[in-house]
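What follows is a set of notes on a single structure, which appears directly below.
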Amino acid sequence: MIHQDKEVKNIKTKAKPSCCCSHDDEPVHSENDGHDHGHEGHDHEHNVEGSLFKMFLPSIISFILLLIGIGFDNYFLQDWFTGYVRIVWYAIAYLPVGLPVLREAYESIVKGDVFSEFFLMCIATIGAFAIGEYPEGVAVMLFYTIGETFQGMAVKRAKSSIKSLLDQRPDEVNILQDNIATKVKAKDVQIGAIIQLKAGEKLGLDGELLSDSASFNTAALTGESKPDTKKKGETVLAGMINGNTIAEVKVTTAYNDSKLSKILELVQNATTKKAPAELFIRKFAKIYTPIVVYLAIAICLLPMLFVENYVFSDWLYRALVFLVISCPCALVISIPLGYFGGIGAASKNGILFKGSNFLDSISTIQNVVVDKTGTMTEGVFKVQEVIIKPEFNKEEILKLVNVLESRSTHPVATAIHNYVGQIDSSIELKDIEEISGHGLKAFYNGKELFVGNFKLLDKFNISYDIDPKAIVYTTIAIAYEGKFAGYLTIADEIKEDAKETVAKLKSLGVKLTMLSGDKANVVQFVADKIGIANAFGDLLPEDKVNKVNEIKAKNETIAFVGDGVNDAPVIALSTVGIAMGGLGSDAAIETADVVIQDDKPSKIAMAINIGKQTKKIVWQNITLAFVVKAFVLILGAGGLATMWEAVFADVGVALLAILNAVRIQKMRF
C-alpha cells in the first residue's frame, strides 16, 4: 500500500505524484494545442516503458543479487562467501528494496502511527537478518516491494478513467476581437465573449452556438464518442470537441460555473467519501496491527515458560513468519481499489458517483422513483394545438404568454417560444411572480395574466368550461382579466431507451414509481407506454416529498431520479439521489449523489449494476484475505509455515485481490 494516500492527494491537486507510478509525470496535451500528436504517442510509449523499468529497477537489482547469493550458498560454493562478506552481500541486496520501506516506517512512527504495515515488514526482515536467515529476509522485502509496485500500477489503472476527466478542459481558448482570433486563458474569459473553435479543438466554456450548425464529440461529458450535431442557438458545453468545421460560440457561463467544472469538482471530491467497508477496514487495521505485534511477541517469548527445549531463534523465526503473514496490506489496498475501479467504470460510461459510499448504497436499492419530464421523456416539447376563446385576441394573448414564459427556463417555455416566435419588446409586464408547482402570474396594463396548469386557475378561483382530464397532452391554461382565455397543448416524446430501462430495473428486482407535476392522465399515458404500474401526476414539490416519505416509511431504500429544481428536495430525501446531468438544473445536480451525464435512463440500471458488482468484488477480496491469512497464521504460529508461505499469504493474496479488483474495469454493463 506504499504511496496510495499520496497518489489520491496528487489526483486532487493535479500535482506530480511522488509514487511509484511515475508515468503520471507525463505532460498532458490538450487536443487544441495545435501540435501533431503522431510523434507524441510514440514518445509516450517510450516514456511509459522507461518509467516501468525505473519502477522495477530496485527490485531487479535486489533479485539479481539475491539469486547470485543463493547460488553461492547452495550451488556454486565459494570459500570467500562466508562471514561478513556474506552478510554485506545480502545487506546490499536488501537495501534497494528495504530503504524505501524503512523510510516509510520511520515517517509513520514520527507521525504517531507506530503499528503500520511498513513497521511489520521492517521488524520481520531485520529479525530474519538477526537470526541469520539473510536470503529469506531479502526475499520477503523483495516480494513485498514487487507486490507494492504492482499495487501502485493497479491503483493508477483504476483511477486513470477518473483522472482523464481532469484533463478534459483546455487552459486556453481563441476569442474573437475585431474579427481577429486571440488566444487567452479560459478562466479570464468574460460572459458574452465569442470563442472561435477550430476543427478538433475542445471547448473551454459553456456557451450558445452562433454558427448555423456544428458536430461535436461529447465523450468527455457522456462517455460516448457518437457525434452530436448542434444547431444555431443550442447550448454547447465545455469539454465537447468540435468536428471538422470552424464554429463560433458565445460564452454564457463563467469558467468555474461550467458543467465540466462541476463534474471535475465531483470527481475530485469522490475519493473523500468512503464506503462503510473502507471505513471499517481502516479502523480494523488500526486495532488489528498492534494486536498482531503483541501476539508475535507472545509467540516468541511465552513458550520459554512451557517448552522444555526452548530455542529462542526458532520461536523468533515463527514470530517473524507470523508478522509477515499478518500484514493487512491485501485488505487495505484491495478494498479502496475495488471502489476506485467501480467509480472509474461508471465514469467511463458517463455516470458520476460523488463517492464510493454511494456505490455501496445504490447496490441495495429496492425502489426507483422517477420524474417524467426530462427523465423518462425527452423534455423537448412541441405545441400541438392552440385553443383561444373567440372573445380574446389570439395573437395578443400568444404574445403575452410568450413574453411571460420567456422568464422561465422550463422546456414548456421553449416550446411556446419556438411556436410563437420572436418576443415582442414593446410588451412590458409588471409584478411577475412564479407560483411553485402552478405557473406564472403577471400584470399587463393593470390586468392580471395567468399562465400555468389548471391548479393555478383553481387557486385564484378562475372558472373554466373544459375538463382538463379529458385532454391527453400536457396543457397550459391561460387566464386574462380574471377570465379563462384558453389553453395550449404540448407533447413530449418518450426517450427511446425508457421502456428498456424499466425492463432492466424489473429484472434487478427493483420496484418502480413515476411522480410528476404534469397532468395525471399524461403521466399515466407515459407510464403505460413504458411499463410502470405505479404513476402519480398533478403533484406539487411537497406532494413528491410526501410520496417518497410513504415509501421510506416501509423501511425500503429509494433512488429518486430527476432533473428539475423542483426535484432537488426529493433527491436530497432519497437514499441515493440521481440527477440527469444534461438537461438537469444545477440545483438537482449539486444535490444528487449520482449524475447521469447523457440523460439516458438506461444508465440508472447500469449504475445499480456497477454498484452491485463493485460490492461483490470488495467482499470477495475481504473473504479471500481473511480465509488465507487465518489459515497460514495458524500454520505459522505452529511452526509449519516458513517465510515463503508467509510471502504468499501477504503479497500473493494482495496480488490476487488486486487482479480481482481491476476486473470491474473490463466488465460490460
Side-chain angles (χ1 to χ4, degrees), residues 235 368-384 405 408-419 434-440 451-456 468 471-477 487-499 501-502 512-532 534-545 547-548 559-571 574 577-589 591-592 595-596 598-604:
T235 299
V368 169
V369 181
V370 297
D371 179 42
K372 179 183 74 70
T373 307
T375 301
M376 304 307 281
T377 63
E378 294 289 353
V380 180
F381 290 88
K382 288 184 179 179
V383 174
Q384 303 298 312
E405 286 288 347
S408 172
T409 57
H410 194 280
V412 167
T414 306
I416 291 171
H417 175 66
N418 290 338
Y419 179 82
E434 181 173 356
I435 299 161
S436 181
H438 291 78
L440 296 165
V451 179
N453 52 36
F454 280 91
K455 287 185 290 185
L456 178 67
I471 305 170
V472 176
Y473 294 136
T474 299
T475 310
I476 307 302
Y487 63 90
L488 293 81
T489 60
I490 295 175
D492 185 14
E493 290 184 18
I494 296 171
K495 290 183 178 178
E496 61 180 0
D497 60 339
K499 194 170 184 178
T501 300
V502 173
L512 282 133
T513 304
M514 181 183 285
L515 305 180
S516 178
D518 208 346
K519 287 171 51 181
N521 57 340
V522 175
V523 176
Q524 194 59 55
F525 174 79
V526 173
D528 291 341
K529 282 275 189 182
I530 62 178
I532 295 179
N534 298 320
F536 303 91
D538 293 317
L539 300 177
L540 298 173
E542 55 266 32
D543 297 327
K544 289 185 180 182
V545 169
K547 288 289 182 185
V548 170
F560 183 88
V561 191
D563 71 320
V565 175
N566 289 345
D567 295 327
V570 272
I571 286 175
S574 55
I578 304 175
M580 292 295 180
L583 289 174
S585 70
D586 288 346
I589 292 169
T591 308
V595 179
I596 295 173
D598 58 5
D599 288 354
K600 288 189 175 180
S602 55
K603 299 289 178 73
I604 303 167

Residues in side chain to side chain donor-acceptor pair (under 3.5 Å) contact with [X], at least two apart in sequence or another chain:
X    : answer
D528 : Q524
T475 : K519
S574 : none

Taking atom CD of E542 as the centre, does the number of heavy atoms from other residues, nucleotides or ligands within less than 6.0 Å exceed 12?
yes
Just by modelled atom types, is the T377 backbone N or O under 3.5 Å from a matching donor or acceptor in the D492 side chain?
no
Taking the side chain as every heavy atom from C-beta outward, state whether [X] and [Y] have any atom pair closer than 4.5 Å.
X    : Y    : answer
D371 : M580 : no
M376 : V502 : yes
K495 : T501 : no

Test side-chain contact (heavy atoms from CB on, under 4.5 Å) applied to V522 and I490, I471, T474, the passing residue:
T474
Side chain to side chain contact (heavy atoms under 4.5 Å, CB included) partners for [X], two or more places apart:
X    : value
Q384 : K382, Y473, T489, A491
N453 : H438, K455, L456
K529 : I494, F525
F536 : T513, L515, N534, L539, K547

For the atom pair NZ (K499) and CD1 (I530), what is the distance rounded to the nearest 0.5 Å?
10.0 Å
Find the distance between CD (E496) and CD (E378) and round it off to the nearest 0.5 Å.
7.5 Å
Dump the intermediate steps for side chain to side chain contact (heavy atoms under 4.5 Å, CB included) on T373 and V412, then the final yes or no.
CA-CA 10 Å; T373 307; V412 167; over 6 Å; no
Nearest heavy-atom pair of [X] and [Y]: which atoms, and what distance?
X    : Y    : value
S602 : D497 : OG-OD2, 2.7 Å
D538 : D543 : O-OD2, 4.1 Å
A498 : P601 : CA-CG, 4.1 Å
I571 : A592 : CG2-CA, 3.5 Å
G537 : V523 : CA-CG2, 3.8 Å

